[in-house]
Amino acid sequence: QQQVKQSPQSLIVQKGGISIINCAYENTAFDYFPWYQQFPGKGPALLIAIRPDVSEKKEGRFTISFNKSAKQFSLHIMDSQPGDSATYFCAASKRPYGQNFVFGPGTRLSVLP
Amino acid sequence: GAVVSQHPSWVICKSGTSVKIECRSLDFQATTMFWYRQFPKQSLMLMATSNEGSKATYEQGVEKDKFLINHASLTLSTLTVTSAHPEDSSFYICSAAVAGSSYEQYFGPGTRLTVT
């Protein structure tokens with residue numbers, strides 16, 4: 001129940017295209033869902049996060065769509081750029097604050113110029 | 001934004017020696033710090049959770065006598081890999097959180113450990 005599934009494992013997108021990464025969870029106690037971007041040799045950096053009280057959150061070219069009933073959430077990267085090439089991790093967390101995150105296995109995104 | 005630093009960023013040590021990695025929250029007080037290990041092309045694996053002034057809580061399968069964690073202050077946690085072996089070579093990442101304040105964890109830049 002603690003697992004977060006993520007797909008696809010890898011993704012190749014042309015420059016300007018839309019990148020879509022999907023995650024699913026089982027534990028209904030999760031109520032915070034961040035996405036992290038990680039470049040090789042660097043620590044993860046928070047990209048965008050959502051709570052279950054909203055179905056969508058947009059920040060620039062990045063959008064999270066959240067489906068509470070299906071227990072799924074996805075990251076959409078619009079107008080994908082070569083600089084977006086990185087590994088993306090979804091995660092889930094629950095109260096109380098300061099809890100550990102459960103991370104998905106990651107998606108390696110390559111955006112071709 | 002909250003900044004977490006790690007030192008060193010990379011370290012090479014000989015088999016059998018010990019190495020210490022520091023994790024610092026630079027502009028906030030971290031009541032909880034997490035240590036992760038990441039192998040190439042894999043996700044982050046939680047090793048242990050440490051709360052300031054308390055003993056660390058280790059995940060199943062992580063040897064507490066090998067990976068010593070000290071969270072002596074609200075801004076510093078250290079991970080010491082004792083009697084390192086080549087299989088301990090990995091990317092170690094810490095994160096810091098403020099319990100009761102925010103969901104968010106702030107990640108450090110990671111430390112690349114190579115044991116020869």
Side-chain angles (χ1 to χ4, degrees), chain A residues 2-11 21 23 25 29-54 57 59 64 66 73 85-110, chain B residues 1-7 9-10 21 23 25 28-52 54 56-60 71 74 90-114:
Chain A
Q2 284 291 92
Q3 195 176 15
V4 174
K5 297 179 181 179
Q6 184 173 347
S7 63
Q9 187 175 20
S10 62
L11 180 62
I21 304 171
C23 284
Y25 63 98
F30 288 142
D31 60 355
Y32 179 68
F33 304 90
W35 283 90
Y36 284 86
Q37 179 188 57
Q38 186 180 31
F39 293 103
K42 305 294 183 182
L46 177 67
L47 202 57
I48 188 173
I50 197 168
R51 303 228 176 124
D53 52 343
V54 296
K57 183 175 181 180
E59 289 184 2
I64 299 180
F66 186 82
F73 58 108
S85 298
T87 300
Y88 293 82
F89 295 97
C90 62
S93 182
K94 57 183 174 66
R95 295 174 190 267
Y97 297 128
Q99 283 268 13
N100 173 49
F101 288 168
V102 178
F103 282 91
T107 296
R108 299 186 72 187
L109 171 65
S110 296
Chain B
V3 179
V4 175
S5 69
Q6 279 184 244
H7 178 80
S9 56
W10 60 270
I21 302 170
C23 176
S25 56
F28 68 101
Q29 293 185 324
T31 51
T32 305
M33 286 187 171
F34 304 92
W35 285 95
Y36 295 86
R37 185 173 181 177
Q38 187 178 35
F39 291 107
K41 301 183 181 180
Q42 293 190 21
S43 189
L44 287 77
M45 183 193 79
L46 179 69
M47 299 175 67
T49 302
S50 73
N51 292 295
E52 186 264 341
S54 303
T57 301
Y58 290 82
E59 294 299 299
Q60 191 173 8
H71 192 163
L74 288 172
S90 188
F91 193 52
Y92 293 88
I93 306 170
C94 72
S95 70
V98 182
S101 172
S102 167
Y103 278 107
E104 194 45 63
Q105 286 185 30
Y106 304 96
F107 284 83
T111 296
R112 171 74 57 193
L113 169 64
T114 301

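Below, all heavy atoms of this structure are taken into account, side chains as well, without hydrogens, waters or symmetry copies.
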Exercise. Considering all heavy atoms of both residues, which atom of B/Gln42 and which atom of A/Phe89 are nearest to each other, and what is their separation?
Worked result: O-CZ, 3.9 Å

Exercise. Side chain, backbone, both or neither: which part of B/Gln38 has a heavy atom under 4.5 Å from chain A?
Worked result: side chain

Exercise. Should the pair A/Phe103 and B/Tyr36 be assigned to parallel (<30°), tilted (30 to 60°) or perpendicular (>60°) ring geometry?
Worked result: perpendicular

For this session: Can you measure from OH (A/Tyr36) to CG (B/Leu44) and round to the nearest 0.5 angstrom?
Result: 9.5 Å

Problem set entry | Side-chain heavy atoms of A/Phe101 within contact of B/Glu104, under 4.5 Å | yes

Problem set entry | Exam field: side chain B/Ser43 to backbone A/Gly104, donor-acceptor pair closer than 3.5 Å | yes

For this session: Tell me, for A/Gln9 versus chain B, whether the close heavy atoms (under 4.5 Å) come from the side chain, the backbone, both or neither.
Result: neither

